[in-house]
Every structure is written in structure tokens, then in C-alpha cells.
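All chains are named by letter (A, B, ...) in the order of the sequence lines, taking the proteins before the strands, and each is independently numbered beginning at 1. Computed over heavy atoms, backbone and side chain alike; hydrogens, waters and symmetry mates excluded.
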Amino acid sequence: MPRHTPDDPDRKLLAESGRALLAWYDRNRRELPWRGTKDAWAILVSEVMLQQTTVVAARPYWERFMARWPTPHDLARAERDELLAEWAGLGYYRRAHLLMDTALAVAESHDGALPRTSEKLRELRGVGDYTAAAVASIAHDEPVAAVDGNVERVVSRWRAIGGDPKKSVAKKAIRAAADAWLSQTRPGDHNQAVMELGATICKPRSPDCPRCPLAPSCRARAAGEPQRYPETPPRAKPTPVTKVGILARRPDGRVLLERRSESPNAGFLELPQRVVETTAMPPTAAQISDACNEVASAAGLALTPGVTLTAHKHSITRYRITVWPIETAASTRRRPVAPFAWCRIDDVDQPLTTASKRILTKNAPSLFAS
DNA sequence: AATGCGGGGTC
DNA sequence: GACCCAGCATT
């Protein structure tokens, strides 16, 4: 028993809104390098990069990446460290590892090509529902809705869908609405259009409704408060974390770095640092001394803490991290034990975390002289 | 300076 | 479903 007939008002509304959306997209879409291709690998790489950064930041990384590794096979043949070094500065480095895993899996798979369906793409490491749908719809016109944060916002407003989109009830309702709405003729463009609308017009705090192609049929707008959707529960306050960072330099311009073997920042070089349980800002001399001794013993060096430098703050998801860099004198005769090493930081092949790079740039600019 | 956001993995 | 990942744009 078909519930929809050709002149069902619902169906008509969806079709009209879809046309308005695509017409808007055709006039207003940003020209981006990965929008000129139907190559699934190029699109996958762009999607993975865009998961964690803005278009502006990701763009040069994507250009370099594609020039260097134009197919999954090219990446599969590369050293993991080369990828990490190329990814340095983009953040959320775990995704680089997952992309490497995917390249290796694809290179070893039957035909050595990326799967063509969203269902199969979904099985790759680092590829979830959103990314699988985005790649399949954009590269192969598979009619599957790609629902990211932008789409959640646009759809929940347009249809006035209440509830927390992170929870399954609202999530399902939003997905159902997005699926029903999806253009069957241009699914890839439709998906990109909704995301583009969310990024440029239907923004989280200040939606620009007068310029929105969906305004005539938008229920949240009709209700007068588009910002009320989607419903977002208050977040927990970030946990403060205090660290002591050991800044030890040699006269030859090398600096003591520690290579992380575990998450977070697995495979990356960092200033040796240790968490301190403290309320003192800066930490007390005893706490600094403890952290220093810990690093000294792990590295097999003698370290003597000196001046406490200006704190560096950065935050991630639910931690607010304060690092106190300590100018430290080191015994330079002995070779440090792995994973510690005296490193040149103007050596571009070394993957250095953004936080450590900033601390070093601020406190030891001469190390970047080259 | 404080706030808000983001997709995927894992258990 | 809760928590982790190890930043950045917006306000």
C-alpha cells in the first residue's frame, strides 16, 4: 500500500526543495581541488582530512598528498613515517595511521582497488557511515545520504526534528529525512550541497535565513527560532591537566625529543613531558625536579632543571592542557636511550607535534633558523 | 579567554 | 552509550 502518490504534498515539497537546493549549489559552490574529480581515492583523502580541519587548512595538505601518493598503492609502498611527517600540522594524527592501514589493506585486496559501494567502503579503517556515504555518492553516484554535523543541523532545522542528534532516536529521524530528501539523479551533488549550505548559510549560531534556498519550507524558521535546532545538551567542562616539559638543548643546535610509541601522537616526536598533579601555577620546584628526574632516568641522561619559561596552553576535546617548559641543562656526552634522541628540528622529515613545535618556536626560535 | 564543534574507533 | 583522539574557529 503505497502511502505516497505523485501529488502527495510531502513528496512535492521534497522535490521542490531538492531542486532549489541544487540550483543554489550550482550557483554558489566553492571550487575546490577535489571537486574536479571522480577519483574515489582523491575524494577519500579529502574527506579524511576534512574530518578534522577546515577547507583552508586541508587544501595545501591535500595537494601535496595527492602529488606524492596518487593511488592507494603509492601510499602502501611509502614508509609510515613519511606519511606522518607529511601529516604533521594537520592534527588528529591517528587518522593518518588509519588511512595508512586502509591503503595497505586495499593494496593487498583482490583487485587492489578501493571498494565501490558504501557498504564495502564502510569496512575500511577510518571510514565510518558518513565517509563511506560521501565517497560512494560523490565518486559513483550511489544514492546514499551522507550525514555529517552540517547535514544534521540543516535537516533538523528544516524539518524541526527535536532531540539530541547524537542519540539514536533523533539520529534515526534525521537520517530518514535526509534519505527521503536525497536526489536520486545527483546524490553526490545533493550531499555536498547540504553540507555547503550548513557551512556557509545554515551556520550553528547565526543562520543567514534570508539567503537560504530552503527558507520557504523551513519549519524551524517558521517557528521563529532556527538556532533552537539541533538540540545540544550542555557539555562537561574540560579537565585541566598540567605538564612539565623538558627543554634541553645542545650547543650544536640539537634538542632532546621523545618519540611516542603510543596514542596519543603515536609515532610523533615531542618535547619530553610528564604530567604533574598540582594546583600550583607554575608547579613547585619539587614537582619540576621529580618530572625532570623521571625523564633523566628514562633517557639515561643527567638533567638539571633551570628556568621555568612561559606556559603553553592547548586544549583538545575534554582536556585543557598547560605545559610549563623548563630550560634544562643536560649531560651531552652520553647518547640518550630510545625513544629519546638529540634531534635537529629543521629536519622536515621528522614528524613533530604541533604543540611541541609551538613551544619550541616560542622558546627556541634559533633552532628553526634554516 | 571561553565556548563550541567533529567523525571515527573502541570497549 | 561513553569515552578517547592530542585543534581550531567563533564569539
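In terms of phosphate contacts, A:T232 brings no side-chain nitrogen or oxygen within less than 4.0 Å of OP1 or OP2 of B:dG4. Dashed line: the shortest gap from a side-chain N or O of A:Y92 to OP1 or OP2 of B:dG8 is not under 4.0 Å. Of the side-chain N and O atoms in A:S315, none sit less than 4.0 angstrom from OP1 or OP2 of C:dA6.
Listed by residue number, the members of residues 132-158 of chain A with any heavy atom below 4.0 angstrom from DNA chain C form an empty set.
Here B:dG4 presents its C1' atom at 15 Å from CD of A:Q227, a figure rounded to the nearest Å. Per the geometry, CD belonging to A:E231 stands 13 Å off P belonging to B:dC5, to the nearest Å.
Using a 4.0 Å heavy-atom distance criterion, A:G89 is classed as a sugar-phosphate-only contact.
With sequence neighbours excluded, the residues that form a side chain to side chain contact (heavy atoms under 4.5 Å, CB included) with A:S315 are A:R320. For the side chain to side chain contact (heavy atoms under 4.5 Å, CB included) test, residues two or more places apart in sequence or in another chain that qualify with A:R68 are A:E82, A:E86. Residues passing the side chain to side chain contact (heavy atoms under 4.5 Å, CB included) test with A:S109, sequence neighbours excluded: A:D111. Evaluation of the side chain to side chain contact (heavy atoms under 4.5 Å, CB included) rule for A:A57 yields A:T53, A:T54 as partners, not counting sequence neighbours.
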With a cut-off of 3.5 Å and sequence neighbours excluded, list every side-chain donor-acceptor pair involving residues 246-255 of chain A.
residue, atom, partner, partner atom, Å
A:R249, NH2, A:S366, OG, 3.0
A:R250, NE, A:D252, OD1, 3.4
A:R250, NE, A:D252, OD2, 3.4
A:R250, NH2, A:D252, OD2, 2.7
A:D252, OD1, A:R254, N, 3.0
A:R254, NH1, A:W342, O, 3.4

Scan the side chains in residues 153-162 of chain A for donor-acceptor partners under 3.5 Å anywhere in the protein, sequence neighbours excluded, and list what turns up.
residue, atom, partner, partner atom, Å
A:R153, NE, A:C202, O, 2.7
A:R153, NH2, A:N150, OD1, 2.8
A:R153, NH2, A:G198, O, 2.7
A:R153, NH2, A:C202, O, 3.4
A:S156, OG, A:E152, O, 2.8
A:S156, OG, A:R153, O, 3.2
A:R157, NE, A:P226, O, 3.0
A:R157, NE, A:Y229, O, 2.8
A:R157, NH1, A:C202, O, 3.4
A:R157, NH1, A:K203, O, 2.9
A:R157, NH2, A:K203, O, 3.3
A:R157, NH2, A:P204, O, 2.7
A:R157, NH2, A:Y229, O, 3.4
A:W158, NE1, A:S217, OG, 2.9
A:R159, NH2, A:S217, O, 2.7

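Under the salt bridge (charged side-chain N to carboxylate O under 4.0 Å, His left out) criterion, no residue pair touches residues 237-247 of chain A, with sequence neighbours excluded.
Evaluation of atom-type donor-acceptor distances gives no pair under 3.5 Å for the side chain of A:Y130 against the base of B:dG8.
With P as the reference atom, C:dC5 and B:dG4 are 23 Å apart, rounded to whole Å.
Mapping A:R125 and A:Q52 onto DNA chain B by nearest heavy atom places A:Q52 at the nucleotide closer to the 5' end.
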Contact list (N/O, under 3.5 angstrom) for nucleotides 9-11 of chain C vs protein:
none

